[in-house]
J.: 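Just dropping this structure here.
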2 protein chains.
Amino acid sequence: MSAPGPSAPGPSAPGLRERKKQRTRDALVRVALELFTTQGYERTTVDEIVEAVEVSQRTFFRYFASKEEVAFAVQRMVEEEFVRALTARPPGEGPFDAMRNAVLAAWDGVGDAIDEVVPVDLYLRTFFMIESTPALLAVHLRRSSELEETIARVVARREGLDVDADPRPRIAVAAFSGVMRVTGQMWGKGPDRTLEGIRALTEWYLDHLGPALSLHWREPLPRR
Amino acid sequence: MSAPGPSAPGPSAPGLRERKKQRTRDALVRVALELFTTQGYERTTVDEIVEAVEVSQRTFFRYFASKEEVAFAVQRMVEEEFVRALTARPPGEGPFDAMRNAVLAAWDGVGDAIDEVVPVDLYLRTFFMIESTPALLAVHLRRSSELEETIARVVARREGLDVDADPRPRIAVAAFSGVMRVTGQMWGKGPDRTLEGIRALTEWYLDHLGPALSLHWREPLPRR
DNA sequence: AGGCTAGTGACAGTCACTGACAATTGACAA
DNA sequence: TTGTCAATTGTCAGTGACTGTCACTAGCCT
């Protein structure tokens with residue numbers, strides 16, 4: 001896993017083997033997303049992808065557990081960025097404000113990181129493709145709900161609550177995520193399909209839920 | 001589709017052909033759910049199902065577009081019951097109360113209807129299986145989000161709003177559905193895996209969101 | 001230089017799913 | 001009752017995603 005070579009190769013020199021792997025992986029992602037967004041997900045076969053990258057099909061499935069997974073490679077980066085941003089929010093912020101600010105910070109921060117793998121433009125087209133491909137939308141929603149669990153635990157820790165005893169963290173996160181999901185859908189349908197567009201839409205939609213949910217927190221749980 | 005026979009066969013006599021089809025379909029659902037819940041979804045092949053029902057695989061795929069779809073046959077009935085219940089709520093009720101009462105009414109009303117196809121016990125085990133099978137969970141969430149769109153439109157009509165101009169119906173429904181989803185997950189993890197259990201849990205969880213969301217409605221939209 | 005091992009390719013096989021066509025069987029009229 | 005029509009079903013062949021196996025190639029380490 002770690003254990004760098006003898007002459008202390010910094011974090012930027014992971015050895016030839018590692019770099020080769022990274023290049024293959026990135027190439028697979030780039031080619032796959034390019035094909036998906038131009039021809040459509042269903043009409044693109046794994047064989048097409050591996051042919052363009054010149055690896056065997058077996059190799060593709062060593063990097064990605066499924067054809068679906070490769071479509072979410074970039075998505076994953078954004079999610080990780082969001083969780084990082086949320087964890088870094090000042091403890092004074094209420095849970096809703098923290099989530100809201102973390103989302104906005106994530107939208108601001110990932111632009112550059114994404115570019116190292118695929119052009120931002122391709123990322124946005126991928127986002128749109130996921131929303132409009134039933135099979136991928138399903139996976140996207142499952143991934144989102146897994147992310148919700150992570151977020152709920154972060155929020156609970158911030159508030160000093162136990163996720164399993166107190167339903168409020170999960171409920172707040174579920175409501176918040178629901179709004180985020182609607183935002184994504186509306187963005188996909190709307191005309192302004194840019195990074196700024198989704199950022200603005202996020203703020204605009206969250207403004208309608210925020211005030212309602214930030215009340216009554218940190219009080220004892222009412223008896224059932 | 002319609003056009004009943006000459007001697008006016010009532011709704012209880014749809015002809016031999018129709019009845020045969022219905023029996024085949026029900027048998028496929030029953031056998032499939034039984035196998036899914038005992039062996040697991042992934043470990044059950046379509047061939048096993050059609051073998052037990054003694055039809056060809058091709059016939060299975062004429063009734064269900066996919067192996068996944070058969071797992072949601074009963075789920076669909078519950079959803080339809082919910083939409084019916086929601087539409088039937090008195091106009092005086094606020095959107096949140098209407099949704100809440102419709103869910104509870106649906107839980108009360110479907111028990112009998114389900115029993116005509118599969119035992120309620122099998123339905124509950126199916127619900128649990130869906131929640132714990134990643135591939136099915138994904139589909140379940142997509143179906144839920146489609147249902148959300150339907151609900152949002154019903155809610156909007158009740159309130160005399162335009163879903164595309166006013167974000168509040170979709171947001172309220174998204175938040176509500178988020179809570180319902182968490183409820184389902186918690187029910188699956190909890191010990192009380194009965195119809196009463198999920199009903200009680202539904203009430204208990206919704207109580208935490210209701211007051212917060214039922215405020216400030218039917219007022220003009222604040223300027224952006 | 002040579003052994004070790006991670007990574008890859010080639011191959012065979014399973015399973016979900018589809019199109020095409022032939023066989024069967026209710027439905028309905030003569 | 002019987003013949004015709006149309007709906008339903010079965011058979012067959014094929015595609016595409018995905019997996020296990022095994023031999024082989026190429027970085028890595030001594």
J.: At less than 4.0 Å, is any side-chain N or O atom of B/Lys20 found next to OP1 or OP2 of C/dG26? Yes or no.
T.: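 Yes, such a contact exists.
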J.: Run the ring-centre check on B/Phe127 versus B/Trp187 and record whether the distance is less than 6.0 Å.
T.: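 Yes, the ring of B/Phe127 comes within the 6.0 Å limit of the ring of B/Trp187, centre to centre.
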J.: In whole angstrom, give the distance that lies between atom NZ of A/Lys67 and atom P of C/dA16.
T.: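 Whole-Å distance recorded here is 17 Å.
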J.: Can you tell me the distance, in whole Å, between the CD atom of B/Glu54 and the P atom of D/dT11?
T.: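 The answer, rounded to whole Å, is 12 Å.
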J.: Looking at A/Glu79, A/Glu148, A/Glu68, which one forms a side chain to side chain donor-acceptor pair (under 3.5 Å) with A/Arg143?
T.: A/Glu79
J.: Hey, does A/Thr37 have a side-chain heavy atom less than 4.5 Å from the side chain of A/Leu122?
T.: yes
J.: Starting at atom CD1 of A/Ile49, determine the distance to atom C1' of D/dG16, rounded to an integer number of angstrom.
T.: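 Roughly 12 Å, once rounded to whole Å.
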J.: To the closest 0.5 Å, what do you measure between CG (B/Leu147) and CD (B/Gln75)?
T.: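 So the CG of B/Leu147 and the CD of B/Gln75 are separated by 10.5 Å.
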J.: Measure CZ/A/Phe61 against P/D/dT19 and give the value in whole Å, please.
T.: 7 Å
J.: From the set D/dC18, D/dT21, D/dT8, return the single nucleotide nearest to any side-chain atom of A/Arg58.
T.: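 So the nucleotide nearest the side chain must be D/dT21.
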J.: How would you label the contact of B/Tyr63 with the nucleic acid (heavy atoms, under 4.0 Å): base, sugar-phosphate, or nothing?
T.: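 Result for B/Tyr63 = sugar-phosphate.
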J.: From the set D/dT9, C/dT25, D/dC18, return the single nucleotide nearest to any side-chain atom of B/Arg17.
T.: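 Shortest atom-to-atom distance from the side chain points to C/dT25.
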J.: Could you give the CD-to-C1' distance, from B/Gln57 to D/dG10, as a whole number of Å?
T.: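 Taking CD of B/Gln57 and C1' of D/dG10, I get 12 Å after rounding.
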J.: Look at the side chain of B/Arg19 against the base of C/dG26 and say whether a donor-acceptor pair falls under 3.5 Å; ignore hydrogens and angles.
T.: no
J.: Where each residue is assigned the nucleotide of DNA chain D containing its nearest heavy atom, which of A/Arg62 and B/Thr59 is assigned the position nearer the 5′ end?
T.: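 Going by which nucleotide is closer to the 5' end, it is B/Thr59.
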J.: Just how large is the angle between the end axes of the helix from C/dA1-D/dT30 to C/dA30-D/dT1, five pairs per end, to 10 degrees?
T.: 10°
J.: Would one find a side-chain N or O of A/Lys21 under 4.0 angstrom from OP1 or OP2 of C/dG7?
T.: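 The answer is yes; a side-chain N or O of A/Lys21 sits under 4.0 Å from OP1 or OP2.
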J.: May I have the step-by-step check of side chain to side chain contact (heavy atoms under 4.5 Å, CB included) for B/Val31 and B/Leu35, ending in yes or no?
T.: CA-CA 6 Å; B/Val31 168; B/Leu35 288 173; 3.8 Å; yes
J.: Test your reading of the model: is there a side-chain donor-acceptor pair from A/Arg170 to the backbone of A/Val163, 3.5 Å cut-off?
T.: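 It does hold such a pair.
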J.: Taking only the side-chain heavy atoms of A/Glu18 (C-beta and beyond), determine which of C/dG7, D/dA17, D/dG27 contains the nearest atom.
T.: C/dG7
J.: Does some side-chain heavy atom of A/Met180 sit less than 4.5 Å from a side-chain heavy atom of A/Ser144?
T.: no
J.: Tell me: CZ of B/Phe36 to C1' of C/dA16, nearest whole Å?
T.: 12 Å
J.: Measure from CZ on B/Arg25 to P on D/dT8 and round the result to the nearest Å.
T.: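 After rounding, the reported distance stands at 13 Å.
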J.: Can you measure B/Glu42 atom CD to C/dT14 atom P for me and round it to whole angstrom units?
T.: 19 Å
J.: Between A/Thr45 and B/Ser56, which is nearer to the 5' end of DNA chain D once each is assigned its nearest nucleotide?
T.: B/Ser56
